[in-house]
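All figures in this text were calculated on a predicted structure; none of them were measured in a lab. Because only heavy atoms are used, hydrogens play no part in the values below, and waters and symmetry mates are left out as well, while side chains stay in. A, B, ... follow the sequence lines: proteins, then strands. Residue 1 opens every chain.
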There are 2 protein chains.
Amino acid sequence: MKRKVTLKQIARELDVSISTVSKSLRNSPEISEDTKQKVQAFAKLYNYKPNNIALSLKNKKTKTIGIIIPEIVHHFFATVISGIEQVANENGYNVIVCLSDESFDKEVINMEMLATGSIDGFIMSLSKETQLKKDFHHIVEVINQGMPVVMFDRITNDVFCDKVIIDDQMAAYEAVDYLINKGFKKVALVTTVDYVSVGKLRTEGYLKALRDNNMMAEEDMIVKIEDIDNCSVKIERLLEEQKPDAIFAVNELFAVTCIKLAAKMGVNVPDDLSVIGFTDGIISQFSSPAITTVSQNGIKMGRSAAKMLIDRLEMEEEDEHYRTEVIETHLVERESTPTL
Amino acid sequence: MKRKVTLKQIARELDVSISTVSKSLRNSPEISEDTKQKVQAFAKLYNYKPNNIALSLKNKKTKTIGIIIPEIVHHFFATVISGIEQVANENGYNVIVCLSDESFDKEVINMEMLATGSIDGFIMSLSKETQLKKDFHHIVEVINQGMPVVMFDRITNDVFCDKVIIDDQMAAYEAVDYLINKGFKKVALVTTVDYVSVGKLRTEGYLKALRDNNMMAEEDMIVKIEDIDNCSVKIERLLEEQKPDAIFAVNELFAVTCIKLAAKMGVNVPDDLSVIGFTDGIISQFSSPAITTVSQNGIKMGRSAAKMLIDRLEMEEEDEHYRTEVIETHLVERESTPTL
DNA sequence: TTTCAACACGCAAACGTTTTCGGTAGGGCG
DNA sequence: CGCCCTACCGAAAACGTTTGCGTGTTGAAA
């Protein structure tokens, strides 16, 4: 087992100074061709690679991006990471991933852990608990220390930083408008509790679409789901008592759950009921029927977030002007809505 | 904006030496209570946290685990990361994730990038291209440099290191045996090309199950899929010409594709055809019908891999004795096989 | 022969820690 | 008064780099 070789070892071996070795390897004109050749050959032979940690310490930059997201077993977040990783890779950055598990405390701990030198900047999406508590001091703190933060999807307006989002309200609006234009009169909404920012925005889009089409929003046509594991009763009650002819669900899990429950009650999708989901993930693609959905391009969001962060990291004088990029969405029509 | 404070700054401010500050913060008995109090108060006030990079350089350990996997937008790999992250977190480690994108070159580059000091050890699953080329020099190299590697799922026997796998052959055997015991006579196999190690093992399990039940394996009952995007014709031909009464698919994507194609041809699952998949992911759970599948516990694999790696990292004298842990699987019975 | 530039290289600082070793001052004791 | 011990603190090395600057040698020009 040959351990990693350092400048010092090469220097000792070749009987020159450390700086001579370093300069030779970086092809400095200060060093004679002779010496350079010798050093470079030796370095190649022993497969010398400069130590990243030492470089990080010296340069005060780690070339590493910290990602903090609620969970990773989740199609959307996985695609975002994928997008981030692409751009990071193209620019010589690594990504270090931390999971908040929807917990405020874990989010704080992870941020503090990474903020002490491990990374150059953050890309993050808020945990539910953080959105509920509205406590963002940990984020403000790292920003004040001069570390750039880019937030995506689950963001807050209480923190000034770069952001990447979709227009949740508009996207929901268009989906619901689409249903209404298809002639549906009783469009229900299956959404999250209000403190989840994106859920709230999508709910607002639903309401606005109804209003603009002169339709009344009815309390009973809206179900808010706190916990996916026991939401069946609420949805079943909706289907039974209200008999909606269309449902807009704010994520694909809700959408597929609606379809499954409907099927169990003998309600056929799309013949008796149309369903539109949100987020074009695996479920929407492979469930039967395949689900019409608002596509939210995670790769693009990730790429965009990474680009914004790296741009900010690599500009010389810092810019107090933060940007919010809005990624466009579009409706993917599949089998859960009428085809004509 | 207040930048991060260092020992040196505290020392200057309090007019003591750097070492006094360091010792005070670590509660050394060498320092008087008075001074300790003063320093600790000051440090707390300015929210001092030791710089990770400097610590890494000094201690020659980064408390970071490198993960290299083929892709992340993939339920199984996401669950494995999740498991790794759990154990890593419990032990004060961070994880840095690199994607090989099924490319040999990217796998090599990523490994070399991380191997130069950024991490303490690897957890990885081989890319398809690497399995095809059978070139593992990059892995052997980092191991020879004294950096521990744990391989999971897509492994090779050509490298000596810790491994975490499932018994692919046995799991496949049991699934096929299950089908045969249900009375099915024409059990087809939808698998990958041979160089994917897990695919090959599952194929062998299928063949062995047939043999042990005195059934002939027929060439025409086996389809090997190279590229998921245009596999329809092969599967349709299988369904049409062979009319199998059961299919064992080596992953859930193949399974759901079979079901969808069957449905299009008027073949009902499970009435006319039974299907068993592999990997209990989102697709299996939410497709209609929900798919009976061999469950491969990604969380457990990830946890196990992380534990093996950290154990090895934290033991004082190094152990040349490598372990291979086999995670148990079990069949999750759902709607794509007969219920009685 | 002296002087000066150019060339080739080494020294040392710096990044932020931790830790070993050494040093100083004061007090107690003989 | 002298010695030693203890309590407290600082200097410096070490981790592996990069780089500005100083220095020595050489050759050529004066």
Ignoring hydrogens and geometry beyond distance, is the side chain of A:Ser32 in donor-acceptor contact with the base of C:dC7 at under 3.5 Å? no

hbond_proxy A:Glu30 side chain to C:dC9 base (donor-acceptor, 3.5 Å cutoff)
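Indeed there is one.
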
Quickly work out the [X] [atom1] to [N] [atom2] distance and round it to whole Å.
X: B:Asn51; N: C:dA14; atom1: CG; atom2: P; result: 17 Å
X: B:Ile31; N: D:dA7; atom1: CD1; atom2: P; result: 13 Å
X: B:Lys4; N: C:dC15; atom1: NZ; atom2: C1'; result: 16 Å
X: A:Ile18; N: D:dA13; atom1: CD1; atom2: C1'; result: 13 Å
X: B:Leu25; N: C:dT18; atom1: CG; atom2: C1'; result: 12 Å
X: A:Asn52; N: C:dC15; atom1: CG; atom2: C1'; result: 15 Å
X: A:Arg3; N: D:dG16; atom1: CZ; atom2: P; result: 12 Å
X: A:Lys60; N: D:dT17; atom1: NZ; atom2: C1'; result: 15 Å

Has [X] got a side-chain N or O lying under 4.0 Å from the OP1 or OP2 atom of [N]?
X: A:Lys8; N: D:dA14; result: no
X: A:Ser22; N: D:dT18; result: yes
X: A:Lys61; N: C:dC15; result: no
X: A:Arg26; N: D:dT17; result: no

SB check [X] [Y] (cutoff 4.0 Å):
X: A:Lys63; Y: A:Glu314; answer: yes
X: A:Lys128; Y: A:Glu107; answer: no
X: A:Lys106; Y: A:Asp101; answer: yes
X: A:Arg323; Y: A:Asp162; answer: no
X: B:Glu102; Y: B:Arg154; answer: yes

By the 4.0 Å heavy-atom rule, please label [X] as base, sugar-phosphate, or nothing.
X: B:Lys36; result: nothing
X: B:Lys58; result: base
X: B:Thr6; result: sugar-phosphate
X: B:Thr35; result: sugar-phosphate
X: B:Leu55; result: sugar-phosphate

In terms of heavy-atom contacts, B:Asn157 and B:Lys163 come closest through CA-NZ, 4.0 Å

Discussion item. On DNA chain C, does the nearest nucleotide to A:Lys23 precede the nearest nucleotide to B:Ala54 from the 5' side, or the other way round? Give the residue.
Written reply: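 The residue closer to the strand's 5' end, by nearest nucleotide, is A:Lys23.
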
Judged by nearest nucleotide, the residue sitting upstream toward the 5' end of DNA chain D, B:Asp15 or A:Val5, is B:Asp15

